[in-house]
Amino acid sequence: SESGARAQATRLIEENILKTIKLLIFQRGYAHVSDLSTILNINSNTMYVTLNKMVNKGLVEPLTPRGGKKVRRSLALTEEGERRAADVLERHQLVQEWLIRLGLPEEQADQEACNLEHGITDT
(Lines give C-alpha, C1' and ligand atoms only; values in the text may rest on other atoms or scores of the structure.)
Protein backbone atom coordinates (compact mmCIF):
# COMPACT_ATOMS: atom_id res chain seq x y z
CA SER A 1 0.00 0.00 0.00
CA GLU A 2 1.03 3.61 -0.49
CA SER A 3 0.91 4.43 3.23
CA GLY A 4 3.00 1.32 3.98
CA ALA A 5 5.58 2.35 1.40
CA ARG A 6 5.65 5.88 2.86
CA ALA A 7 6.10 4.50 6.39
CA GLN A 8 8.96 2.28 5.16
CA ALA A 9 10.65 5.25 3.44
CA THR A 10 10.28 7.36 6.59
CA ARG A 11 11.79 4.59 8.72
CA LEU A 12 14.72 4.24 6.31
CA ILE A 13 15.45 7.99 6.39
CA GLU A 14 15.12 8.13 10.18
CA GLU A 15 17.43 5.14 10.62
CA ASN A 16 20.03 6.72 8.32
CA ILE A 17 19.83 9.98 10.26
CA LEU A 18 20.12 8.23 13.64
CA LYS A 19 23.05 6.14 12.46
CA THR A 20 24.83 9.17 10.97
CA ILE A 21 24.33 11.27 14.12
CA LYS A 22 25.75 8.44 16.26
CA LEU A 23 28.75 7.96 13.94
CA LEU A 24 29.49 11.70 13.73
CA ILE A 25 29.39 12.08 17.52
CA PHE A 26 31.67 9.04 17.85
CA GLN A 27 34.13 10.32 15.21
CA ARG A 28 34.06 14.08 15.88
CA GLY A 29 32.35 14.56 19.22
CA TYR A 30 29.46 16.49 17.61
CA ALA A 31 26.88 16.27 14.82
CA HIS A 32 25.57 19.39 13.10
CA VAL A 33 22.51 19.60 10.86
CA SER A 34 24.68 20.88 8.00
CA ASP A 35 26.91 17.77 8.28
CA LEU A 36 23.88 15.49 8.14
CA SER A 37 22.49 17.34 5.11
CA THR A 38 25.79 17.00 3.26
CA ILE A 39 26.48 13.36 4.16
CA LEU A 40 22.94 12.14 3.45
CA ASN A 41 22.40 14.49 0.50
CA ILE A 42 19.21 15.93 1.99
CA ASN A 43 18.31 19.60 1.58
CA SER A 44 18.79 21.46 4.92
CA ASN A 45 15.16 22.62 5.09
CA THR A 46 13.96 19.05 4.62
CA MET A 47 16.51 17.92 7.23
CA TYR A 48 15.17 20.41 9.80
CA VAL A 49 11.57 19.30 9.14
CA THR A 50 12.57 15.64 9.47
CA LEU A 51 14.57 16.28 12.64
CA ASN A 52 11.62 18.14 14.20
CA LYS A 53 9.42 15.11 13.49
CA MET A 54 12.08 12.91 15.09
CA VAL A 55 12.15 15.21 18.14
CA ASN A 56 8.37 14.77 18.43
CA LYS A 57 8.83 10.97 18.21
CA GLY A 58 11.35 11.12 21.07
CA LEU A 59 14.37 10.07 18.99
CA VAL A 60 16.39 13.31 18.89
CA GLU A 61 16.87 15.99 21.56
CA PRO A 62 15.47 19.40 20.49
CA LEU A 63 18.01 21.93 19.22
CA THR A 64 15.94 24.81 20.54
CA PRO A 65 14.12 24.72 23.85
CA ARG A 66 10.52 25.93 23.71
CA GLY A 67 10.47 29.72 23.45
CA GLY A 68 14.24 30.07 23.66
CA LYS A 69 17.28 30.65 21.52
CA LYS A 70 19.38 27.81 20.18
CA VAL A 71 21.27 26.34 23.08
CA ARG A 72 22.75 23.21 21.53
CA ARG A 73 24.45 23.39 18.14
CA SER A 74 25.26 19.69 18.11
CA LEU A 75 22.49 17.14 17.73
CA ALA A 76 21.97 14.59 20.49
CA LEU A 77 20.01 11.36 20.56
CA THR A 78 17.48 10.46 23.22
CA GLU A 79 17.73 7.05 24.93
CA GLU A 80 15.30 5.63 22.35
CA GLY A 81 17.20 7.28 19.48
CA GLU A 82 20.46 5.88 20.83
CA ARG A 83 18.95 2.38 21.05
CA ARG A 84 17.60 2.52 17.50
CA ALA A 85 20.91 3.88 16.15
CA ALA A 86 22.81 1.07 17.89
CA ASP A 87 20.41 -1.53 16.40
CA VAL A 88 20.94 -0.16 12.87
CA LEU A 89 24.73 -0.07 13.30
CA GLU A 90 24.75 -3.63 14.63
CA ARG A 91 22.71 -4.88 11.65
CA HIS A 92 25.02 -2.95 9.29
CA GLN A 93 28.15 -4.49 10.79
CA LEU A 94 26.70 -8.01 10.74
CA VAL A 95 25.63 -7.72 7.10
CA GLN A 96 28.92 -6.10 6.07
CA GLU A 97 30.98 -8.84 7.74
CA TRP A 98 28.82 -11.49 6.08
CA LEU A 99 29.27 -9.89 2.63
CA ILE A 100 33.05 -9.64 3.10
CA ARG A 101 33.13 -13.35 3.98
CA LEU A 102 31.24 -14.00 0.75
CA GLY A 103 34.07 -12.28 -1.12
CA LEU A 104 32.94 -8.68 -1.65
CA PRO A 105 35.59 -5.97 -1.24
CA GLU A 106 35.16 -4.00 2.02
CA GLU A 107 33.96 -0.76 0.37
CA GLN A 108 31.38 -2.55 -1.75
CA ALA A 109 30.27 -4.63 1.25
CA ASP A 110 29.79 -1.38 3.21
CA GLN A 111 27.57 0.07 0.44
CA GLU A 112 25.54 -3.12 0.11
CA ALA A 113 25.14 -3.33 3.89
CA CYS A 114 23.68 0.22 3.83
CA ASN A 115 21.06 -1.00 1.37
CA LEU A 116 20.28 -4.20 3.26
CA GLU A 117 20.38 -3.05 6.91
CA HIS A 118 16.93 -1.44 6.74
CA GLY A 119 15.17 -4.52 5.43
CA ILE A 120 16.34 -6.82 8.22
CA THR A 121 14.30 -6.98 11.41
CA ASP A 122 15.90 -7.07 14.84
CA THR A 123 14.92 -10.73 15.19
Name each donor-acceptor pair under 3.5 Å that joins a side chain in residues 23-33 to protein atoms two or more places apart or in another chain, with its distance.
| unit_1 | atom_1 | unit_2 | atom_2 | d |
| --- | --- | --- | --- | --- |
| R28 | NH1 | D35 | OD1 | 3.3 |
| R28 | NH1 | D35 | OD2 | 3.1 |

With a sphere of 6.0 Å drawn around CD of Q111, does it hold more than 12 non-hydrogen atoms of other residues, nucleotides or ligands? no

One should read off an interatomic distance between L40 CG and T20 OG1, to the nearest 0.5 angstrom, of 4.0 Å

List the steps, then state whether salt bridge (Lys or Arg N to Asp or Glu O under 4.0 Å) holds for E79 with R83. CA-CA 6 Å; E79 268 186 52; R83 186 191 64 73; over 6 Å; no

For residues 98-110, run the donor-acceptor check on the side chains, cut-off 3.5 Å, and write out each pair with its distance to 0.1 Å, sequence neighbours left out.
| unit_1 | atom_1 | unit_2 | atom_2 | d |
| --- | --- | --- | --- | --- |
| D110 | OD1 | H92 | NE2 | 2.7 |

Any carboxylate oxygen within less than 4.0 angstrom of a Lys/Arg side-chain nitrogen, looking at R84 and E80? no

To check you understand the geometry: which heavy-atom pair defines the closest contact between I21 and L51, and what is its length? CD1-CD2, 4.4 Å

Any salt bridge linking R91 with E15? Criterion: basic side-chain nitrogen under 4.0 Å from a carboxylate oxygen. yes

Considering only residues two or more places apart or on different chains, which pairs with a residue in residues 36-47 satisfy side-chain hydrogen bond (donor to acceptor under 3.5 Å, both in side chains)? none

Would you confirm whether T78, through its side chain, and E61, through its main-chain N or O, come within 3.5 Å as a donor-acceptor pair? no

Give the C-alpha distance, both sets of side-chain angles, the deciding distance and a yes or no for side-chain contact (heavy atoms from CB on, under 4.5 Å) between C114 and K19. CA-CA 10 Å; C114 282; K19 178 178 80 168; 3.6 Å; yes

Salt bridge (Lys or Arg N to Asp or Glu O under 4.0 Å) against E97, all qualifying residues, sequence neighbours excluded: none

side-chain contact (heavy atoms from CB on, under 4.5 Å) involving E82 - partner list, sequence neighbours excluded: K22, L77

Does E112 have any side chain to side chain donor-acceptor pair (under 3.5 Å) partners at least two apart in sequence or in another chain, and if so, which? none

By salt bridge (Lys or Arg N to Asp or Glu O under 4.0 Å), E90 pairs with (sequence neighbours left out) none

In terms of hydrophobic clustering (I, L, V, M, F, W, Y; side-chain heavy atoms under 4.5 Å; direct or indirect links), are L89 and L75 co-clustered? no

Given the rule that I, L, V, M, F, W and Y join up when any side-chain heavy atoms are under 4.5 Å apart, are I17 and I39 in one cluster? yes

For the CZ atom of R11 and the CG atom of L18, what is their distance to the nearest 0.5 Å? 11.5 Å

With K57 via side chain to side chain donor-acceptor pair (under 3.5 Å) - residues at least two apart: E14

